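For reference, the structure is listed below as C-alpha cells.
All figures in this text were calculated on a predicted structure; none of them were measured in a lab. Computed over heavy atoms, backbone and side chain alike; hydrogens, waters and symmetry mates excluded.
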Amino acid sequence: MRLEKILLKSFGCFNRRDFELGEGINLIFGPNFSGKSTLVNAIFFTLTGKPIVPKVAMGALTQGGTNSGAVGVGFCDDGNSYQLFRSTQGEVELRCREGDGWRKIFSGNRVADEDLERKFDFNYYHLAAATFLREGEIFEFLARQPTHRREILYQLLGIDRLISLRERFIEARRIAKREENRIQEHRRKLQRATVKTHRAEIERIQNQVVELEKEFELLSSYNTASGDEALVYELTEECARLQKQMDTYAAERASNIAGFNDIEHIRRTIETVEAAISDTRQLEKQREKLIQEIGSLRNQCEMLAETCQTLHRLLEDDQGHCPTCHQPVHEMIIKELLEEKRTEKDKYEKRLAEKQNQLDGNSVNLSSLQKLNQRHQVLQSKVQALERIESRHGEIQVEFNTVSAKLKSLRAGDSTGNNASETAATRYAKVVERRRQTKNSIDALRKRLAALNRDEAVITNKMEELERSEVEASQALRTRLNLELTCDAIERTIQAMQRQVLQPAETELQRLLNKMNHFESAQIDLKSQHLLPALKIDGNDRNLMLLSGSEKVILYLSLKIALSKTLGNPGFFVFDDPTLHLDHTRKQLMIEFILKLSEEYQVIVTSNDSDVLEGLDGAHLIETAKVEDDILKQTTSNSGVTPSAA
C-alpha cells in the first residue's frame, strides 16, 4: 500500500488544503505551529477514526469556529486507487477509481470501520504501535509499567478478546466448582439420611392384613340357630356398659360429697356461708365509719398536744404576758388550763385506742370474707356437679333396669333349654370377642402400614433425589472439566500467539540493528520484558534507561519496524519529528536510519530542522507555513473533500 494524497477541510489549522505524497521519503518541513503534526494526525484519523494522541476529543480536531471537519487520504493498494474520507462527526466514505471517475464503495458511520479493517487491515493498535511515531511517544512508552506494556502486547496480538473470554471461562469454572461442591455436600447428606427400605416389612404386613380380613369376614358371617343368643349377648354387653357408667358416676358422687352427709347437707352449709358473707359485708360499712372517726380523733389529739406545748412554753418563759397577743397572764390560770387540756387529750387518746382496736378486729374479719367467697364457690360447684350426676345416674339407672328386664325375660322364656342357650350365647360371645380382636389387629396393622408407606415414600423420594444428584454431580464434573480444558486451551493459544509474533519480531529486530550497524554483539529479548527489549551487549546486561537518546529512538523505531513486519505492515511508516532533541551526530544516524528504511518502505517524516532537510536531499518535499501565512496563500482545491464527509 502506498499513500498518494492528503485532503483536509476545516481540520486542525487548515481550512481547505490538499497535499500530494510521493514514493520513498516524504519530508513534511516547516516551522513550529505550521501544521506538520496535523498532517500526521490527519492520516492516522482517516485510517483509524481515532486521534493519534489518546484521550483527545473529536471537537479538538476541527478548525476553530467550525462544528465539524473532514479529512481524506488517497492511496494505492493492489494496483487500485482509493480515496477514504472521514468527518469528525463519524461519517465515513470509501471511493475507488474507475476510468476517469470515482465509484463510491460504501459510506456510513463508524460501523464501516469493520469493513475497512477487513479490506485493508486498518487496525488501530497495529498502526499506533507499529506504523506511526508521534512526538514524545518513545519516552511515554519507556515510562509505562510492565502491566501496561503487556496490555499493548495483547491489543497488538488481538488476544485481548481471548483474555476477556478466558476470564469469563475462569469465572464460569469457579461457579461450576462451587456448584459441584454444593451437589457433593447434598449427596453426602442424602447418603447419611437414607436408611434401609421397608418394602419387605410392608409386604409382610399387607399379607397379614389380607389373612385377618378373611378371618374377620368369616367371623362376621357366623350365624346361630336363632337370634336369641345374639340378643342375649348384646343385652349382656349393654348391661355391663351401663353398670360401668353407673359405677363411674357413683365414684364421682362419692368424691364430690366427701365430708358431707348428702346434697342437702351441702345446701345447708351454703346457706350458712351466705349468711356469714352477708354479716361480713356489714362490717365493711362499720370499718369505713371507724376510719373516719379515727381520723377525726387523731386530728383532735394533735391539736390538743400542740396547745399543751404552747402552754408549757408560757410557763417556762415566765414573761408574764402572752407572746401572741401580749396580754398579761397569770401562772395559776395557765396551769389550770394546761391540766384541763391534758385531761381532755388523754380522754381522746383513749377513745382513739378503742376505735383502733375495733378497726383491727374488723380487718381480721374482713380478711376471712375472701375465704368465705371461695368456699361458697366450691360448694356451689359441688352442688351443680352432684345435680348433674344424680340426673345422669337416674337416666342410666332407668335404661339399665329396662335392659335387665329384657334380659331376664329372654332367659325366663328359655327355661327348658337354659343350659344349651347359655352355651350358644357363650359361643356367640367368643365369636364376637374374636371378631373385635381381629378388627383391632387389622386397624393396628393398617396404621403401621400407613406409617411404613409414608416412610417408604420419603425414602423413595430421597433415593430418587440421590440418583438425580448423582446425575447432576456427573454433569457438574463434566462441565468443570470442559471449562478447565477450555481455559487451558485459551491459555495455550495466547502463549502460542505470543511466540508466533514475538520470536519473529526478535529476529527481525536483530536483523535491522545489524543492518544499520548499531548495537554490535547485542542480544535482543522481547518476551521477558513485554515489548520492552532486553539488551545484552558483549554478554553484559544493558539498562535501556542508560542508553543515549538516539540509541533509544533508533531501538524504538527498529522495534516498531520489526513488529510491523511481523504483524503485516501496510507498506509505509509515518514519523513525527524523530530527530527531536538529538545532536548533530545523532541526527545523522537517524537520517541514515530513515534512508535505509526507505529502501523497503514509503516513509513520511516531519521536521523543522535544516540538517534533516539537507540530509534527506531528494525526498519529496511538502512545505508548510505558519497559520497566518497559510491563510493568505490558500486557494480553492479542485479535488476537495466530499460535502457528505464534511
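Aromatic pair Phe132/Phe575: ring centres not closer than 6.0 Å. Taking the six-membered ring wherever Trp is involved, the centroid distance between the rings of Phe122 and Phe44 does not fall below 6.0 Å. Annotation: Tyr601 is in aromatic contact with Phe573 [ring centroid separation under 6.0 Å].
You'll find the side chain of Leu39 reaches within 4.5 Å of the side chain of Phe19, heavy atoms only. Using a 4.5 Å heavy-atom threshold, the side chains of Leu580 and Glu135 count as touching. The shortest side-chain heavy-atom distance between Tyr556 and Leu133 falls under the 4.5 Å cut-off. Counting only heavy atoms from C-beta outward, the side chains of Phe85 and Val92 never approach each other to under 4.5 Å. Under the 4.5 Å side-chain criterion, counting only non-hydrogen atoms from C-beta, Leu557 is in contact with Met590. In this structure, Thr46 and Ile6 have side chains that are not in contact, with every pair of non-hydrogen atoms separated by 4.5 Å or more.
In Asn461, the CG atom is crowded: over 12 heavy atoms of neighbouring residues, nucleotides or ligands sit closer than 6.0 Å.
Salt-bridge annotation for Arg187 and Glu185: absent, with no side-chain N of the basic residue lying under 4.0 Å from a carboxylate O of the acidic one. One finds no salt bridge joining Arg199 and Glu203 here, because no Lys/Arg side-chain nitrogen approaches an Asp/Glu carboxylate oxygen to under 4.0 Å. Contact check on Arg86 versus Glu91 returns no salt bridge, with no Lys/Arg side-chain nitrogen under 4.0 Å from an Asp/Glu carboxylate oxygen. Salt-bridge annotation for Glu171 and Arg174: present, with a side-chain N of the basic residue lying under 4.0 Å from a carboxylate O of the acidic one. One finds no salt bridge joining Glu484 and Arg173 here, because no Lys/Arg side-chain nitrogen approaches an Asp/Glu carboxylate oxygen to under 4.0 Å.
Taking CG of Leu477 as the reference point, atom CD of Glu179 lies at 13.0 Å (rounded to 0.5 Å). For the atom pair CZ (Arg97) and CG (Asn80), the distance works out to 11.5 Å, reported to the nearest 0.5 Å. To the nearest 0.5 angstrom, Arg480 atom CZ is 14.5 Å from Ile175 atom CD1.
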ask   = Step by step, would you call Leu7 with Val73 a side-chain contact (heavy atoms from CB on, under 4.5 Å)?
value = CA-CA 6 Å; Leu7 306 98; Val73 171; 5.9 Å; no
Chi angles and distances behind the side-chain contact (heavy atoms from CB on, under 4.5 Å) call for Leu3, Ile43 = CA-CA 9 Å; Leu3 302 181; Ile43 299 173; 3.8 Å; yes
Quick one: side chains of residues 468-476, donor-acceptor pairs under 3.5 Å with protein atoms, not counting sequence neighbours, listed by atom name and distance.
residue	atom	partner	partner atom	Å
Ser469	OG	Glu465	O	3.3
Ser469	OG	Leu466	O	2.6
Ser474	OG	Arg478	NH1	2.7

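For Phe14 against Ser34, the heavy-atom pair with the smallest separation is CZ-O, 3.8 Å. Ser607 and Leu27 make their closest contact through CB-CD1, 4.2 Å (heavy atoms, listed as atom of the first residue, atom of the second, distance).
In this structure, a donor-acceptor pair under 3.5 Å is absent between the side chains of Thr579 and Asp609. In the model, Asp577 has no side-chain atom that pairs as donor or acceptor with a side-chain atom of Thr606 under 3.5 Å.
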